[in-house]
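Scroll down for the structure; my scribbles are underneath it.
Throughout, numbering of the chain's residues begins at 1 and tracks the sequence. As a basis for the values below, the full set of heavy atoms in this structure was taken, side chains included, without hydrogen atoms, waters or symmetry mates.
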Amino acid sequence: MPFSDRIHRRTQKAAPLLPKDHDGGGGEFGGSSFAGAVFNLSTTIVGAGIMALPATLKHLGAIPGLITIVMAGMLTEKSIEMILRFSKAAKTSSYSGLAEDAFSFAGRNLLQLGIVINNVGMLVVYMIIIGDVLSETWSLGIHHTGVVEEWFGLHWWTTRSAILFLTSVFVFAPLISFKRVDSLRYTSALSVVLAIVFVVIIAGITIVKMLNGSIGRPQLLPCLVDQASFWKIFTTVPILVTAYICHHNIHPIENELKDPSQMKSIVKTSITLCTSVYVATSFFGFLLFGNQTMDDVLANFDGNLGIPFSSLLDDIVRVSYAIHLMLVFPIVFYSLRLNVDGILFPHAVPIVYDDRRFFSITAVLLGLIFVGANSVPSIWVAFQFTGATATVSVGFIFPAAIALRDNRGIATRNDRIVSWIMILLAVSSSTVAICSDIYSIVNGTEEAEA
């Protein structure tokens, strides 16, 4: 059994895990429900990545793009199934403990570092997008006004830094102070509902425009006009992995279940739900905007949609998505805090038993994310770099490597085949994506100097 799990289990004997409701309710916590776990896991999955998926259809074509989205979901489900099965064999209750069992302390620390980089990157992106939607953003030298500034005009409290500060203090700080992931089940349910509302709105707009004949036939296959367009296909893989990443919250959710044997069904239900949302969003988003689809489809909702009440629908889409990200933020932050604590204090008692450590790490991490959101000039290149490195490692490379290592002798032939597919796909696509980003940055710098 990994050392970190032995420490955790010895601590549990001395103080059973959260015997009272630490969220302030004061009641007994009997374990989380199936529905609550599905909502929490689905919220972990559906984040900023959903807005990049319509653009994957622009690069891949509608048919290959939709097939790839479904296949990415199937690979994600398989990788999580392997994590759960190997964790049970290793008698560990954490992803980092499983990595330690397979690759000793070095493997545990490397995995935790990958989760930290992935989660920090995602949370910074979430906060930046919230600032873009509610306050303002600049794109290609053009100023785009946010909805709050549109509604109330320019004041100190409608500026970007003020809105992000107020959001951090009055929304994020209370939500990330919960010590149980199950305490977020209601906000997670609302975030899933908002994601579905987005799908319904975008589908409705598309159908209306189809009926009035203002939408053309979508591009069904990739348009490979040059070498760059061919390599662009591979850069979509890190985006798809980022869209499905949830591995860092699998064990925290499972550990709080009334019946842990339900976890496999919970994963299947969540992946199916999220894949359905992703397919619908990608299809209708690409059908609606065609080759004008932006890398962030939310940017397409910043003008006239060509239907009645266009401005109102733009605002509903943008505000609902901003609220959705606010509710996703704490569920991703939860695993970030656990892994930062695991790196800094590997032999200490679990963080939930040490209030000073819990709130100190929480405050520092929130402050760093706030500073990052106000400092990073461009999010999407950074997002792709994160997806091509830390995210594919956490989602594909580590599960596959653990299965191939097979310390417990339980890997099947199918496990090994799928593991090699995941590793080859992750390494090849990540290499291409990183090289493509470097080329874009260098080329962009040369053009700017010229």
ask   = Any luck finding a side-chain donor-acceptor pair between Asp259 and Ser261 under 3.5 Å?
value = yes
request  = Go through the steps to decide whether Thr44 and Asn249 satisfy the test side-chain hydrogen bond (donor to acceptor under 3.5 Å, both in side chains), and finish with yes or no.
outcome  = CA-CA 7 Å; Thr44 306; Asn249 266 343; 3.2 Å; yes
request  = State, without any angle test, whether Asp101 and Thr92 hold a side-chain donor-acceptor pair at a distance under 3.5 Å.
outcome  = no
query = Near Trp420 CH2, under 6.0 Å, is it more than 12 heavy atoms from other residues, nucleotides or ligands?
reply = no
task = Take Leu110 and Phe103 through the side-chain contact (heavy atoms from CB on, under 4.5 Å) test and state the conclusion after the steps.
result = CA-CA 10 Å; Leu110 192 59; Phe103 302 107; over 6 Å; no
ask   = Under 30°, 30 to 60°, or over 60°: which ring-plane class applies to Phe165 and Phe370, parallel, tilted or perpendicular?
value = perpendicular
Exercise answer: donor-acceptor pairs, residues 69-78 side-chain atoms, under 3.5 Å, sequence neighbours excluded:
| from | atom 1 | to | atom 2 | distance (Å) |
| --- | --- | --- | --- | --- |
| Thr76 | OG1 | Ala72 | O | 2.8 |
| Lys78 | NZ | Glu81 | OE1 | 3.4 |
| Lys78 | NZ | Asp415 | OD1 | 2.9 |

task = Using distance alone, with no hydrogens and no angle criterion, decide if Ser188 and Asn40 have a side-chain donor and acceptor under 3.5 Å apart.
result = yes
inquiry  = Please report the interatomic distance CG(Leu164) to CG(Leu134), rounded to the nearest 0.5 Å.
reply    = 8.0 Å
inquiry  = So if I apply the side chain to side chain contact (heavy atoms under 4.5 Å, CB included) rule between Leu327 and each of Leu184, Thr187, Val192, which one comes out positive?
reply    = Thr187
request  = Would you please name every residue forming a side chain to side chain donor-acceptor pair (under 3.5 Å) with Asp315, sequence neighbours left out?
outcome  = Trp151, Arg318
inquiry  = We want to know whether Asn300 and Thr293 form a side-chain donor-acceptor pair, criterion being a heavy-atom distance below 3.5 angstrom.
reply    = no
query = Partners of Thr56 by side chain to side chain donor-acceptor pair (under 3.5 Å), sequence neighbours excluded?
reply = none
inquiry  = Show, in sequence, the C-alpha distance, side-chain angles and deciding distance for Val349 and Arg357, and conclude whether the side-chain contact (heavy atoms from CB on, under 4.5 Å) test is met.
reply    = CA-CA 10 Å; Val349 298; Arg357 202 167 90 237; 4.0 Å; yes
request  = Would you please test Phe398 and Val394 for side-chain contact (heavy atoms from CB on, under 4.5 Å) and show each step?
outcome  = CA-CA 6 Å; Phe398 263 99; Val394 173; 5.6 Å; no
request  = Evaluate the criterion ring-ring contact (aromatic ring centres under 6.0 Å, His included) for residue pair Tyr353 and Phe358; output intermediate values, then yes/no.
outcome  = CA-CA 8 Å; Tyr353 301 120; Phe358 180 89; over 10 Å; no
key: Tyr126 and Phe329 aromatic centres sub-6.0 Å   = no
task = Give a yes-or-no answer on whether the side chains of Thr362 and Arg337 include a donor-acceptor pair shorter than 3.5 Å.
result = yes
